[in-house]
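For reference, the structure is listed below as C-alpha cells.
Sequence positions, counted from 1, serve as the residue numbers for this chain.
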Amino acid sequence: MAIVKMKHLRMVAMTVDREALLRKLQHLGCVEIVQPEADPEDPMWAVLTCPEAGGLAAAHEEKTQAERALEVLKRYAPAKGSFLAPKPGVGEGELLDEARAQRAREAAQEVNALDRRLAAIHAEKNKLEAQRAVLLPWQSLDLPLETPSTPQVTIQLGTLPVTVPLGQAEGELQAVCELAELTEVSAGKDARCCTLVCHASGAEAALEALKALGWSRANLRDWTGTAAENLARLDRESKALEAEAASIEAKLSGMGELNAPLRQLSDLAGVNASREECRGRLMDTGQTFLLEGWVPEESWGLLSKELEPWPCAFEVTDPAPEDYPQVPVRLKNNTLTRPLNMVTEMYSLPAYGTLDPNPLMAPFFILFYGIMMADMGYGLLMMLAGGILLKKKKPGGTFGHLCGLLVLCGITTFIMGALTGGFFGDFLTQVVKLTTGGDFVLPALFTPLEDTMMILVGAMCLGFVQIVTGMAVSFVSKLKHGQVLDAVFEEVTWWVVFAGLGLMIAGVTPILLAVGGVLVVAGPVIQNEGFGKVTGIFGSLYNHVTGYFGDILSYSRLMALMLAGSVIAQVFNTLGAIPGNIIIFLIISFAGNTLNFALNLLGCYVHDLRLQCLEYFGKFYQDGGRPFRPLDLNTKYYEVVK
C-alpha cells in the first residue's frame with residue numbers, strides 16, 4: 001500500500017539487437033522508455049540520431065485498416081458475444097505469429113475492398129436516380145432526345161413555370177410567329193415540360209416571347225434515344241447494381257469468422273505501434289543505441305537476469321529528489337484499497353516521493369458513500385452488479401476499479417440501510433399494507449426523518465475525525481522533512497485549540513484553550529518578520545477558523561443526501577400505494593426507485609469525491625504525479641497470455 005520505488009535505467013546495446021531487445025522488454029512489460037535529455041555542451045550528443053519512424057506510421061495504418069474492416073463486419077456479420085463475457089485469451093506467440101497476421105491483412109484488404117465497392121455502387125445508384133429524375137418528365141415524348149434543329153426548323157425542349165397557363169403561352173407564341181407550335185409533354189408541381197417546334201425564320205422571336213414567360217431550356221443534349229429508352233436502360237443498370245450489392249452484402253455476411261483474426265491483427269498493430277513509439281525515443285550511433293527509462297525496483301532483479309545474455313552495458317540509479325517530478329508513479333495496493341485508484345487517478349496521482357492516499361482515503365470514502373446512500377435494497381443491487389461483473393467479465397483498469405468500488409460501497413450502503421430501516425424506502429411497509437392491511441416496519445436504530453439533527457451532528461463529527469486524520473498525516477510528513485516549526489504551529493496548535501474548546505464546552509477548564517490561543521499568536525510571531533508578525537496573526541486566525549469551520553460544515557452533505565434519498569423513495573412508494581392496487585404500486589415504485597437509485601449512485605459519488613479531494617486532500621496531499629506507462633503488450637480485444 002504505497003508508491004512503488006523506481007530506478008532510472010540507462011543502457012547501451014548493439015543496433016543489430018535493438019528489435020529483439022525491444023520485443024523482450026515488451027514481453028516483460030516493466031520498463032518505461034523515455035526520451036534522453038540531451039546535453040548541448042557535450043560533443044558526444046552530436047553524433048546521436050533518432051531512428052526513422054516509418055514503422056510507426058505503418059503500424060497505425062495497419063490498425064486503421066483492421067478497425068475499418070471490423071466496422072464493416074459489425075454491420076454485416078457481427079461477432080457473437082456477451083457483455084459479461086471476459087476478454088478471450090490469446091497466447092503471445094499466436095498474437096505475434098507473422099503468418100497468421102499476413103492472412104489477417106489479406107482478409108482486411110478483401111473486406112475493405114468489398115466495402116469500397118459497395119460505397120461506389122451506392123454512389124453510382126444515386127447518380128442513376130438523379131438521371132432518372134431528370135428523364136422521368138419526358139418519358140412520354142417519342143422524339144429522340146438528340147434530335148437536332150435543321151436550317152429550316154428549330155426544335156427545343158424546355159420548361160415553363162406551372163403558374164403560366166399553356167393557352168397563354170401558345171397565344172403569345174402565335175402572336176410573334178405563326179409557324180410555331182408548343183406541345184406540353186408533362187406538367188409537374190413546379191414546371192411544365194414542353195416541346196417547341198418553329199420555323200427558323202421566327203425562332204428568335206418565339207424564344208424571346210417564351211423567355212419572357214420563364215422559359216428554360218432543358219439540359220438533355222448529352223442523351224441519345226428517347227427518354228423512355230434511356231429510363232429502361234437506367235432501370236437495367238440500377239437492377240444490376242442492386243444485384244451486385246446484394247451479392248457483396250451476402251458475401252460479407254458470410255465472413256463472420258474473420259472477426260477473430262481481424263481483432264488479433266488490430267491488437268498486434270497496437271502492440272507494434274507501442275514498440276515503434278518507444279523505438280523513436282532511442283538514440284543511435286552507427287553500431288549502438290542508447291536507451292533510457294524507468295523500471296520498478298521490485299522488477300529490476302528479473303530484468304537484469306533477462307538482459308544477461310545480451311552484449312549490452314547498463315546502469316540503474318535511484319532518482320535524486322530534484323528528479324522526482326520526472327519519475328513516473330505506480331501505486332501498489334491491496335484488494336480493499338485498489339478500487340480507490342479510480343478516485344485518485346480522476347483527481348491526480350500523488351507526486352513521487354510522497355504518500356499513497358488510497359489507504360488513508362478508503363475507509364472514509366467507503367463509509368461516507370454508505371451513509372449517503374443508506375438503503376439495503378440499493379446496497380444489494382450495488383453488491384450484485386459489482387460482484388457479477390467482477391466474476392463474469394473480469395474487467396481490468398478503471399472499469400475493474402469501478403466494479404470493486406461498487407461492491408465495497410454496496411456493503412456499507414446495506415449496513416447503513418439496516419441501521420436506518422430502509423429497503424427501497426418503505427417498500428416492504430407499503431407492500432404489507434396493500435396485501436394484508438397490516439402494519440409492518442423494519443427495525444431501525446435511527447431514521448433520517450426522525451433523527452435528522454442527530455445524523456447531522458454525527459456527520460460533522462465524522463468530518464472532524466477525517467480532518468484531524470489529514471492533519472496527523474501532514475504532521476508526520478512535515479517532521480520527516482525536518483519542518484518541525486511548521487508541524488507544531490500548523491497542526492499541534494490547532495489540536496490544542498480543538499481540545500481546549502471541547503474541555504471548555506464540557507465545563508472542565510478553559511486553560512487548554514488559552515494555551516492554544518498563545519500558540520496561535522506565537523506561530524506568526526516566531527515565523528514572520530517585521531510587520532508580518534501582526535498581519536500573520538490575524539491572517540492565520542481568520543484562515544484557520546473559517547477554513548476548519550467551513551470544512552466541517554461541508555460534511556453536512558452526508559445527512560442531506562441520506563435524507564433526500566430516503567424521502568424520494570418514500571414519496572414514490574406513497575404515490576404508488578394511493579390507487580390501492582399492488583400491480584400499479586409495483587410499477588410506480590419500480591420506476592421511482594430506479595430513478596432515485598440512478599441519481600444517488602452518481603450524486604453520492606460526486607459529493608464523496610468532493611469531500612476527499614477538497615476537505616481531506618487539502619490537508620496533506622501533494623499531487624502532480626504522472627502514471628507509469630511501461631512498454632507492454634497492451635491490447636483491446638484479447639488478453640495476452642505470456
Looking at [X], I want to see if its [atom1] is surrounded by more than 12 non-hydrogen atoms of other residues, nucleotides or ligands under 6.0 Å.
X    : atom1 : value
R629 : CZ    : no
K433 : NZ    : no
N126 : CG    : yes

Working to the nearest 0.5 angstrom, can you tell me the gap between [X] [atom1] and [Y] [atom2]?
X    : Y    : atom1 : atom2 : value
H607 : N600 : NE2   : CG    : 9.5 Å
Q174 : L182 : CD    : CG    : 9.5 Å
M562 : L449 : CE    : CG    : 11.0 Å

[Y] and [X], any side-chain heavy atoms less than 4.5 Å apart:
X    : Y    : result
M255 : E110 : yes
W223 : E146 : no
F597 : M382 : yes
V111 : V72  : yes
E276 : L22  : no
D608 : M372 : yes
F368 : C604 : no
L145 : T226 : no

Pair [X] + [Y]: basic N to acidic O under 4.0 Å:
X    : Y    : value
E19  : R275 : yes
D235 : R132 : yes
E244 : R117 : yes
E71  : R68  : no
E32  : R626 : yes

Specify the closest pair of heavy atoms between [X] and [Y], including all atoms of both residues, with the distance to one decimal.
X    : Y    : result
L70  : S266 : CD1-CB, 4.5 Å
E615 : S554 : OE2-OG, 3.4 Å
P339 : L405 : CB-N, 3.5 Å
T159 : A191 : CB-CB, 4.1 Å
P395 : C403 : CG-SG, 4.0 Å
P137 : S186 : O-OG, 2.7 Å

Please walk me through it: do E98 and R105 pass salt bridge (Lys or Arg N to Asp or Glu O under 4.0 Å)?
CA-CA 10 Å; E98 184 57 32; R105 292 186 191 102; 2.8 Å; yes

Do Y347 and F617 have ring centroids that are under 6.0 Å from one another?
yes

Using atom types as modelled and distance alone, determine if a side-chain donor or acceptor of [X] lies under 3.5 Å from a backbone N or O of [Y].
X    : Y    : result
S149 : I155 : yes
N259 : G256 : yes
N596 : G592 : no
S238 : L234 : no
Y369 : L408 : no
N573 : A569 : yes
N112 : A108 : yes
N230 : T224 : yes
K394 : K391 : yes
D267 : K636 : yes

Report the C-alpha separation of E229 and R233 in whole Å, then their side-chain angles, then the decisive distance to 0.1 Å, and conclude whether the salt bridge (Lys or Arg N to Asp or Glu O under 4.0 Å) test is met.
CA-CA 6 Å; E229 293 171 348; R233 177 177 58 80; over 6 Å; no

If we ignore angles and hydrogens, is there a donor and acceptor under 3.5 Å between the side chains of N341 and E345?
no

One pair to check against ring-ring contact (aromatic ring centres under 6.0 Å, His included): F585 and F427. What are the steps and the verdict?
CA-CA 10 Å; F585 166 77; F427 178 82; 5.6 Å; yes

